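To start, the structure itself, in structure tokens.
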Amino acid sequence: MDWINDLVWGTGIGHSILLLSIVIAAGIQLGKVKVFGISLGITFVLFVGIFLGQLGFTMNHDVLNFFKEFGLILFVYSVGMQVGPGFFSSFKQGGITLNMLACGIIFLGVAIALILHYVTGVPIPTMVGILSGAVTNTPGLGAAQQAYSDMYGVADNTIALGYAVAYPLGVIGIILSIIFVRYVFRVNFDKENEELNREDAAHENEAKPISLIVKNPAVFEKTVGDLSALMGHLDFVISRVWRFENKQIEIASSATVLHENDKIFVITTERDAEAVKTFFGVEIDMERKQWIRMESQFVNRRILITKPELNGKKLGQLKLRKLYGINITRINRAGMDLVATPNLTLQVGDRVNVVGTETGIANVEKVLGNSMKRLNEPNLIAIFVGIGLGIILGSIPITFPGIPQPIKLGLAGGPLIVAILVSRFGYHYKLVTYTTQSANFMLREIGITLFLACVGLSAGEGFIDTIVNNGGLAWVGYGFIITTVPLLIVGCVARYFYKVNYFTLMGLIAGSTTDPPALAYSNATAGNDAPAVGYATVYPLSMFLRVLTAQLMILFFA
């Protein structure tokens, strides 16, 4: 029976994986239980880990650290890949405001920690540990420990104890703050979704279909190619033409000549719509479905780009209109319709809207791929190249004048930033970054559950003793104050004065505290990607400032 003893109480790989499996499975199952209509979801994995850690179940320290850091890397990298395509446009549409609000949360937390230090007499190293636990920031904990060790040559265990004691209630405090803001402002999820949809509809680069009748004499007897060249500063595609003479529909090509009173179906952007209308003539009330019903000889179909060799190529390079007599009007990428201009760069996973004959569309399918099976194959090269580059970026020491120790983004900040950049710009370098939603979700869930289980097991040993006998109960209270007060103040300011969408605000709160469990809760509650976009918008700067402030507090106040 020695093998059972080794498996349950040993330190081998089998014991470690078995213990993690039990913690994760039990935590996920218990997380489904609702109290007052609220469930913590996978966050409960953390508390199961603390419970088993208190009972004496442990793992090899190096193995535990590996699983914890690797799980965190998988989680933040998959989040970055998910939100990367819309990250920069989101930043332009309000990211500066979100990052300023996140900075407010961070600096308020630091100020409250310093006030508590002077009022209560808790040593700064311990208070920095409490601060890091209260905002669930593991890199900040590591930075503080390293800074203290570099200064004094010895470690201060109270940094880690403060972190462990404050962390569990920190997770709850962040989620409670999100819920508090929701009920104070009586948030209606349907109205928030409508607001998000209006924002998406008003996206100035997104495709907008309009029907026009040609009335401008300057357009008469001109070819579509000539007009496109003349109006090259505008994004538009003439898809179909209804001839006034014979009442027939035809697909527009560069050689198509426009005549007075011809009707044209144009795909343009919100930004350029008015200029296109003015140039061609008058807008008419003619819906897209009417064009489809009138053009019985043509087929309108969406085709998936699945051939890797097309990744990064411009649409005009394929010459599909000239070769096959079809017209591409829109390209859907990450849920957004883009105008199919010749200079638009293609990515694997794009959905191309093609209008033409059955024969022409069949030929285009062969060129573009249109194979779901190929898309379902994981692109592991992009994932591991990105993670590797992220580790390198996170390990680079950044030196600031007057600060004796260099600052690092860490194993979470580096991979997140690289994931955003790779998913947004990877196609420029022929890197296929497309990942199915199910594969991304699987990576994300595996990563966060591994991270939570390891944090719980490491914090569980001696947890109750610290709370009862070593002033840890007071530390819990200090941590809860540091967690909730900045979030409630800035959360109410963001909602009342800046009218931040509640789903985005959830991501802002989770990102400013660099808290993956809060993001997981927010994603599950919202049912859309708005929290993840908000999280990724503020996370890089928040992570950097969390690490920086933890080190500065040790360097200047310890």
Side-chain angles (χ1 to χ4, degrees), residues 75-76 79-80 83-84 86-114 131-141 143 170-171 173-178 180-182 185 394 398 407 409-410 412-414 416-417 419-420 481-523 526 529-553:
F75 177 78
V76 298
V79 168
V83 304
F87 173 75
F88 291 96
S89 59
S90 169
F91 193 84
K92 292 176 184 176
Q93 293 174 358
I96 295 177
T97 300
L98 293 183
N99 276 288
M100 291 302 100
L101 290 169
C103 289
I105 291 173
I106 295 167
F107 294 134
L108 267 176
V110 171
I112 291 172
L114 289 174
L131 171 62
S132 297
V135 298
T136 67
N137 187 256
T138 307
L141 167 68
V171 174
I174 296 167
I175 295 176
L176 287 178
S177 298
I178 292 173
F180 179 84
V181 173
R182 173 184 173 184
F185 290 94
I398 305 171
I407 310 299
L409 289 172
L416 176 71
I417 292 173
I420 292 172
I481 292 172
I482 294 171
T483 301
T484 55
V485 172
L487 294 181
L488 294 179
I489 292 175
V490 177
C492 291
V493 168
R495 184 66 183 173
Y496 185 79
F497 292 102
Y498 292 95
K499 310 300 181 186
V500 177
N501 183 277
Y502 179 70
F503 297 140
T504 303
L505 182 58
M506 295 168 79
L508 163 66
I509 291 175
S512 64
T513 53
T514 66
D515 185 43
L519 174 60
Y521 168 82
S522 301
N523 284 335
D529 289 341
V533 172
Y535 182 93
T537 300
V538 303
Y539 185 97
L541 179 61
S542 297
M543 175 63 74
F544 180 76
L545 289 178
R546 290 292 184 193
V547 172
L548 177 64
T549 53
Q551 290 180 319
L552 291 178
M553 289 178 72

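In this text, all values refer to a predicted model and were calculated from it rather than measured experimentally.
- With Met543 as reference, Thr514 is the one residue of Leu416, Thr514, Leu548 to meet the side-chain contact (heavy atoms from CB on, under 4.5 Å) rule.
- Screening Ile112, Val110, Ile106 against Pro486 for a side-chain contact (heavy atoms from CB on, under 4.5 Å) leaves a single residue, Ile112.
- Closest approach of Ser542 to Ser512, counting heavy atoms only: OG-CA, 3.5 Å.
- Looking at heavy atoms from C-beta onward, Ile174 lies in side-chain contact with Leu487 at the 4.5 angstrom threshold.
- Atom SG of Cys103 is separated from atom CG of Leu545 by 5.0 Å, given to the nearest 0.5 angstrom.
- One finds the OG1 atom of Thr537 at 12.0 Å from the CG atom of Leu101 (value rounded to the nearest 0.5 Å).
- Taking the side-chain hydrogen bond (donor to acceptor under 3.5 Å, both in side chains) definition, one finds that Asp515 meets it with Thr136, sequence neighbours left out.
- Scanning all heavy atoms of the two residues, the minimum distance from Gly507 to Val538 falls at O-CG2, 4.4 Å.
- Scored by the ring-ring contact (aromatic ring centres under 6.0 Å, His included) test, Phe503 finds Phe189 as partners (sequence neighbours excluded).
- Across every non-hydrogen atom of Gly491 and Leu505, the tightest pair is O-CD2, 3.8 Å.
- Contact record, Met506 with Ser522: CE-CA, 3.4 Å, taken as the closest heavy-atom pair.
- Contact record, Leu98 with Leu508: O-CD1, 3.4 Å, taken as the closest heavy-atom pair.
- One finds the CG atom of Leu519 at 12.5 Å from the CD1 atom of Ile509 (value rounded to the nearest 0.5 Å).
- Taking the side chain as every heavy atom from C-beta outward, Tyr502 and Ile178 approach each other to under 4.5 Å.
- In this structure, Arg182 CZ and Leu176 CG are separated by 13.0 Å, a value rounded to the nearest 0.5 Å.
- Residues meeting the side-chain contact (heavy atoms from CB on, under 4.5 Å) test with Tyr496, sequence neighbours left out: Phe185.
- Within the 3.5 Å criterion, the main-chain N or O of Val500 finds no donor-acceptor partner in the side chain of Thr504.
- The two residues Pro531 and Asn523 make their nearest non-hydrogen contact at CB-OD1, 3.6 Å.
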